[in-house]
Undergrad: 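One structure coming up, written as structure tokens, with questions to follow.
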Amino acid sequence: MRSCWVIILSALSFLAVICGCDAEEPEPEPALVTVEPTLEFSTMYLPPGYVLLQELTGDYTDGLSALAELDEELSGNGISPAGPPFIHYLGTGEDGGFRFQAGVSVSPDVKPWGDLLAQGLPERLVAYLETSGPYSDTRAWEHEELAAWATRAGFEITGSACDYYLNWGTEGLPESLMAEVTLPIRVPEELGE
């Protein structure tokens, strides 16, 4: 019986060597490194435009659904966008709901219908930041960072944030959504002279 145990133990030792299952210490798990995203802020002039938009109230994440519905409505009416769709953030309403405009640039000869509004936009100076990733309320910090940068740089903020979705209508959304976060600004009088 003792020789059976010796054979079994020898066989197990042999298998451990062949399988690479020796008694070495397991390799340590790689440490997770948290990397803070690097935000690159800049300014630009947005050209004049003509937009169709819809004013809505809802949750922060209702914006993408509103853009999808607007896109479907434009397609159904044979209208091609003249630029990327956008969500203009208007703040919180009296009822606590999130207020925003979902819109898209179109040709100036397009007339609004239903609950859509048409609006001409002048050339405007904006602070901006390009970003990508899933759309969620956790991305609101980008608006705050952009406003803080614009203030530190000496600009006056003249309105609220607007996000333009640069790769709208492509595969892999919303995880790979690319946006241009903008904030209207102006150079204070004493700096502009």
Side-chain angles (χ1 to χ4, degrees), residues 34-67 70-71 81-108 110 112 115-168 173-174 176-193:
T34 303
V35 177
E36 291 295 321
T38 302
L39 303 178
E40 294 185 27
F41 305 103
S42 192
T43 62
M44 70 175 165
Y45 279 94
L46 291 179
Y50 179 79
V51 297
L52 284 183
L53 56 86
Q54 186 176 30
E55 294 193 5
L56 301 161
T57 303
D59 292 328
Y60 189 88
T61 53
D62 289 337
L64 288 188
S65 298
L67 287 183
L70 179 59
D71 195 39
F86 62 86
I87 298 175
H88 181 199
Y89 303 94
L90 302 174
T92 305
E94 292 177 12
D95 62 353
F98 175 65
R99 294 177 48 241
F100 62 96
Q101 295 172 326
V104 66
S105 295
V106 293
S107 170
V110 174
D115 60 353
L116 292 175
L117 305 170
Q119 184 177 352
L121 300 175
E123 180 181 64
R124 59 227 179 265
L125 177 64
V126 296
Y128 79 98
L129 161 71
E130 287 191 10
T131 186
S132 63
Y135 177 89
S136 72
D137 57 358
T138 60
R139 288 183 58 193
W141 64 271
E142 293 167 345
H143 298 164
E144 296 167 9
E145 292 289 328
L146 185 58
W149 173 82
T151 301
R152 283 193 309 271
F155 295 104
E156 290 181 8
I157 297 170
T158 61
S160 55
C162 185
D163 294 350
Y164 292 87
Y165 297 97
L166 306 178
N167 63 338
W168 183 261
L173 300 182
S176 61
L177 196 59
M178 293 172 57
E180 197 167 68
V181 179
T182 67
L183 187 64
I185 56 173
R186 74 178 188 88
V187 178
E189 294 296 323
E190 61 273 8
L191 295 179
E193 295 177 354

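As the structure is a computational prediction, the values presented were derived from the model and not from experiment.
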Undergrad: Just how far is it from atom CD of Glu94 to atom OG1 of Thr57, taken to the nearest 0.5 Å?
TA: 10.5 Å
Undergrad: Just so I know, are the side chains of Leu183 and Tyr128 near enough to count as touching, which here means a heavy-atom distance under 4.5 Å?
TA: no
Undergrad: Could you walk me through whether Val51 and Val106 pass the side chain to side chain contact (heavy atoms under 4.5 Å, CB included) test, one step at a time?
TA: CA-CA 6 Å; Val51 297; Val106 293; over 6 Å; no
Undergrad: If you measure from OG1 on Thr158 to CG on Leu125, what distance do you get to the nearest 0.5 Å?
TA: 8.0 Å
Undergrad: Suppose we screen for side chain to side chain contact (heavy atoms under 4.5 Å, CB included). Which residues come up paired with Ser160, at least two apart in sequence or across chains?
TA: His88, Leu90
Undergrad: In Å, rounded to the nearest 0.5 Å, how long is the span from OG of Ser42 to CG of Leu129?
TA: 10.0 Å
Undergrad: Would Tyr89 and His143 count as a side chain to side chain contact (heavy atoms under 4.5 Å, CB included) if you check the C-alpha gap in whole Å, the side-chain angles of each, and the deciding distance to 0.1 Å?
TA: CA-CA 10 Å; Tyr89 303 94; His143 298 164; 3.3 Å; yes
Undergrad: Do Leu53 and Leu116 have side-chain heavy atoms sitting under 4.5 Å apart?
TA: no
Undergrad: Grab the two heavy atoms, one from Ala102 and one from Leu67, that are nearest each other, plus how far apart they are.
TA: CB-CD2, 3.8 Å
Undergrad: Work out which heavy atom in Pro112 is nearest to a heavy atom in Tyr50; give both atom names and the distance.
TA: CD-OH, 4.3 Å
Undergrad: State, with a plain yes or no, whether a side-chain heavy atom of Val104 is found less than 4.5 Å away from one of Leu70.
TA: yes
Undergrad: Is Asp62 close to Phe100 at the side-chain level, that is, under 4.5 Å between some pair of heavy atoms?
TA: yes
Undergrad: Using the rule given for side chain to side chain contact (heavy atoms under 4.5 Å, CB included), can you reason through Thr43 versus Val126, listing the C-alpha separation, both sets of side-chain angles and the distance that settles it, and then say yes or no?
TA: CA-CA 6 Å; Thr43 62; Val126 296; over 6 Å; no
Undergrad: Determine which pairs satisfy side chain to side chain donor-acceptor pair (under 3.5 Å) with at least one residue from residues 116-127, sequence neighbours left out, and list them in order.
TA: Arg124-Tyr164
Undergrad: What's the spacing between Thr131 OG1 and Glu180 CD if we round to 0.5 Å?
TA: 11.0 Å
Undergrad: Got a second to check how far Glu55's CD is from Leu117's CG, nearest 0.5 Å?
TA: 5.5 Å
Undergrad: List the atom of Ala150, the atom of Ala127, and the distance in Å for their closest heavy-atom pair.
TA: CB-CB, 4.3 Å
Undergrad: Step by step, work out the side chain to side chain contact (heavy atoms under 4.5 Å, CB included) result for Glu145 and Phe41.
TA: CA-CA 9 Å; Glu145 292 289 328; Phe41 305 103; 4.0 Å; yes
Undergrad: Can you check whether Tyr165 reaches Pro84 side chain to side chain, under 4.5 Å on heavy atoms?
TA: no
Undergrad: Once rounded to the nearest 0.5 Å, what's the spacing between atom CE of Met178 and atom CD of Glu130?
TA: 6.0 Å
